[in-house]
Amino acid sequence: MLSGRLLVQNKKPYIFFFALLLSACQFAPRPFCPAQLYQKAQNDVCQVFSQQAPLCKEIDFKHAMARGLRYNLDYRVKQANAAIKIGQMKLAEFAMLPVAGLSGSTYSRNNDDATFSSNPDGSPNRNLIAFGADRHIRTWRAGLQWNLIDLGMGYIKTKEASELVLIAEEEARKDLQKLVQDIRVAYWTAFVAQELKKELQSFHTRLEQFKDTLDKALIDKTIPKEDLLTYQSALLDENRRLVQLEDRLKKAEFIFKSLINIPANQSIILKEPPVALTKIQNLRGLNFEKLDAITLVNRPELRGQGYQKRIAELGTKAAVLQALPILTLSAGRNYNSNSFLVNKFWNDKSIEVSWNIFNLVSLPVSLREAETQIKFENLKLMALTLGALNETRIAFAHYQNIANECRVAKKQTVNANRLYHYTKNKFSANRASKQQLITTQLQYIYAKVDELLLLSDTALALGELYIASGFDVLPIEATRVSSQEVLCIIEDRLKEQENLSFKAYVDMTYDRIFCKT
């Protein structure tokens, strides 16, 4: 019975190990079920909208812009990325510090650590036993260790991390200007859709009535069919174009709501956009020499690529450091509780040198690779520089063309409006058919929508010209202040754009950058 109990006790470790191994085999990937995915998505949506300030039913442009800056999720992701880079830089700074360590241990044994003494002839004297240590021993050590190569590499990593912070800030600056531009265009297009909604509904009602009349006329065998079918075909083409136009306007409303992060089913009323968004500027005589100089200094892509090139240049220093001997300095304070020791406390210090010769052999290859990376980053910078200069020319030409087209569209709207009212008066006097009235009304709607959308495209083109030159429509600081301060910044910038033409902006910015006293 006793032997059986001992056998079970000896097998306990094996039984425990087998049970642990068996339980580990029970783990398997468990994907979310549809109910979990739906519930999680619902919670995320509720959390997104519950953390936002309530929205008034009527909203103006500056409030829409401020709300987009604060709640747009895509831009908040970019801000979080910049914050992560800052945190990584702070962590990299700790790599330059020495390693401060504190270690301790407890050691026990079930019998004494004893040895036999020896006889003069060297044989063990089993009658005389010497004890050299306690059964229970506690030790600890507190010390510093400093690797000089790690110090140098830590400095390089910190420099790289600081450059990455600057790159992230430039990317956030670029994304901010893009968000402002997208909100500007989406607001204008959604406002156009809102203004035309009633007029389009009224026209659809009249169009359906005329379709019924036309269908009845086609059934009547006494009426010639050729003219009716030709007109019906033209009417269907126009109706199809109208459906496409309405689809564009509806999409603009959803895009705008997405940019300022409000539910798609929430109804809002947009106030008229600022005058600065509809003002067409005369850019003849623009000083491109000054514009190019501003572009080369202000464009976030060029600044970010410049920082990327500096990171590549740090690679040469890293390659040289890794080929040097490793010098490690160490010092510490020790304790051992063994009662047989004369000194339980003592200090230690050491200097250790090691050198991997293969690192030295591979140094030429590492340097060539680092130089190749520098040339690659420099080539990217040259390509981005040339591309940025070309973009300003393209943006300028595009704005000129859109502005000219918008001027013509305004005249077309006036002409279509006159023709529609003239036909309407003739129809009232029974001197024009219903077909003619519907056609002229449809032409007027198209002309009006085209003019309004071209005004939106003009604001977009002007914004692209500003962004191509590196102009900050809103400063990056606008995302770090209170909502009321953001509104003041937006209002000041709108007034500035209303009173200051793009040519005046170029002259003023050039003097501020290059003519400092």
Side-chain angles (χ1 to χ4, degrees), residues 69 74-100 144-179 293-324 326-329 359 363 366-385 387-388 467 470-472 474-481 512-514 516:
L69 296 183
D74 292 332
Y75 183 64
R76 285 166 65 185
V77 169
K78 298 293 183 181
Q79 287 180 302
N81 178 57
I84 289 173
K85 297 298 182 185
I86 294 174
Q88 290 174 346
M89 181 189 69
K90 293 180 179 179
L91 286 175
E93 292 174 353
F94 286 98
M96 294 187 293
L97 299 176
V99 177
L144 294 175
Q145 190 176 40
W146 207 358
N147 187 319
L148 297 186
I149 295 296
D150 288 343
L151 171 64
M153 292 301 297
Y155 173 78
I156 291 175
K157 293 295 183 184
T158 303
K159 289 288 292 181
E160 287 182 358
S162 64
E163 301 293 350
L164 290 174
V165 169
L166 296 174
I167 291 173
E169 288 177 350
E170 292 298 331
E171 289 177 352
R173 176 176 158 234
K174 179 183 176 181
D175 292 329
L176 172 61
Q177 308 317 315
K178 185 179 183 302
L179 175 61
I294 295 170
T295 302
L296 296 177
V297 172
N298 282 348
R299 276 293 287 264
E301 299 93 331
L302 301 183
R303 294 158 69 103
Q305 185 57 35
Y307 300 137
Q308 193 68 49
K309 182 183 175 183
R310 293 204 304 207
I311 292 177
E313 291 170 349
L314 289 171
T316 305
K317 298 178 181 179
V320 173
L321 272 176
Q322 289 175 342
L324 295 177
I326 300 175
L327 179 64
T328 304
L329 308 178
N359 287 344
L363 178 60
S366 301
L367 288 176
R368 282 198 300 271
E369 184 180 354
E371 291 293 334
T372 303
Q373 186 68 33
I374 293 173
K375 292 178 181 178
F376 171 70
E377 299 297 344
N378 190 54
L379 188 62
K380 284 175 64 177
L381 181 58
M382 292 166 60
L384 284 174
T385 300
I467 291 176
F471 172 72
D472 289 340
L474 284 180
I476 194 70
E477 294 79 14
T479 60
R480 303 168 186 162
V481 297
R512 177 175 55 83
I513 296 175
F514 299 100
K516 292 181 179 179

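Closest of all the heavy-atom pairs between L144 and A100 is CD2-CB, 3.5 Å. The two residues G470 and R299 make their nearest non-hydrogen contact at N-CD, 3.8 Å. Taking each heavy atom of K309 and N378 in turn, the nearest pair found is NZ-OD1, 3.1 Å. Closest heavy-atom contact between V297 and F514: CG2-CZ, 3.6 Å. Taking every heavy atom of both residues into account, T385 and L381 meet most closely at OG1-O, 2.7 Å. Summarising the geometry of L367 relative to A319, their closest heavy-atom pair is CD2-CB, 4.1 Å, with the distance given to 0.1 Å.
Annotation: the span from K174 atom NZ to L179 atom CG amounts to 14.0 Å, rounded to 0.5 Å. Between W146 atom CH2 and T328 atom OG1 the span is 12.5 Å, to the nearest 0.5 Å. One finds the CD atom of E163 at 9.0 Å from the CD atom of E160 (value rounded to the nearest 0.5 Å). The structure places CG of L379 at 6.0 Å from CE of M382, a figure rounded to the nearest 0.5 Å. How far OH of Y307 is from CG of L164: 12.5 Å, rounded to the nearest 0.5 Å. Note that CG of L321 and CG of D150 are 10.5 Å apart. Values are rounded to the nearest 0.5 Å.
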Test L148 against L324 for side chain to side chain contact (heavy atoms under 4.5 Å, CB included), laying out the working first. CA-CA 10 Å; L148 297 186; L324 295 177; over 6 Å; no
Test side chain to side chain contact (heavy atoms under 4.5 Å, CB included) on E301 and E171; report intermediate values, then the result. CA-CA 8 Å; E301 299 93 331; E171 289 177 352; over 6 Å; no
Check the pair Q373 / E377 against side-chain hydrogen bond (donor to acceptor under 3.5 Å, both in side chains), numbers first and verdict last. CA-CA 6 Å; Q373 186 68 33; E377 299 297 344; 2.9 Å; yes
Take E313 and R310, measure what salt bridge (Lys or Arg N to Asp or Glu O under 4.0 Å) needs, and give me the verdict at the end. CA-CA 5 Å; E313 291 170 349; R310 293 204 304 207; over 6 Å; no
I167 and I311: side chain to side chain contact (heavy atoms under 4.5 Å, CB included), yes or no, with the steps? CA-CA 11 Å; I167 291 173; I311 292 177; 4.1 Å; yes
List the steps, then state whether side chain to side chain contact (heavy atoms under 4.5 Å, CB included) holds for I149 with M153. CA-CA 6 Å; I149 295 296; M153 292 301 297; 4.2 Å; yes
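In this structure, R368 does not pair ionically with E371, as no charged nitrogen and carboxylate oxygen lie closer than 4.0 Å.
A heavy-atom distance below 4.5 Å is not found between the side chains of N298 and D472.
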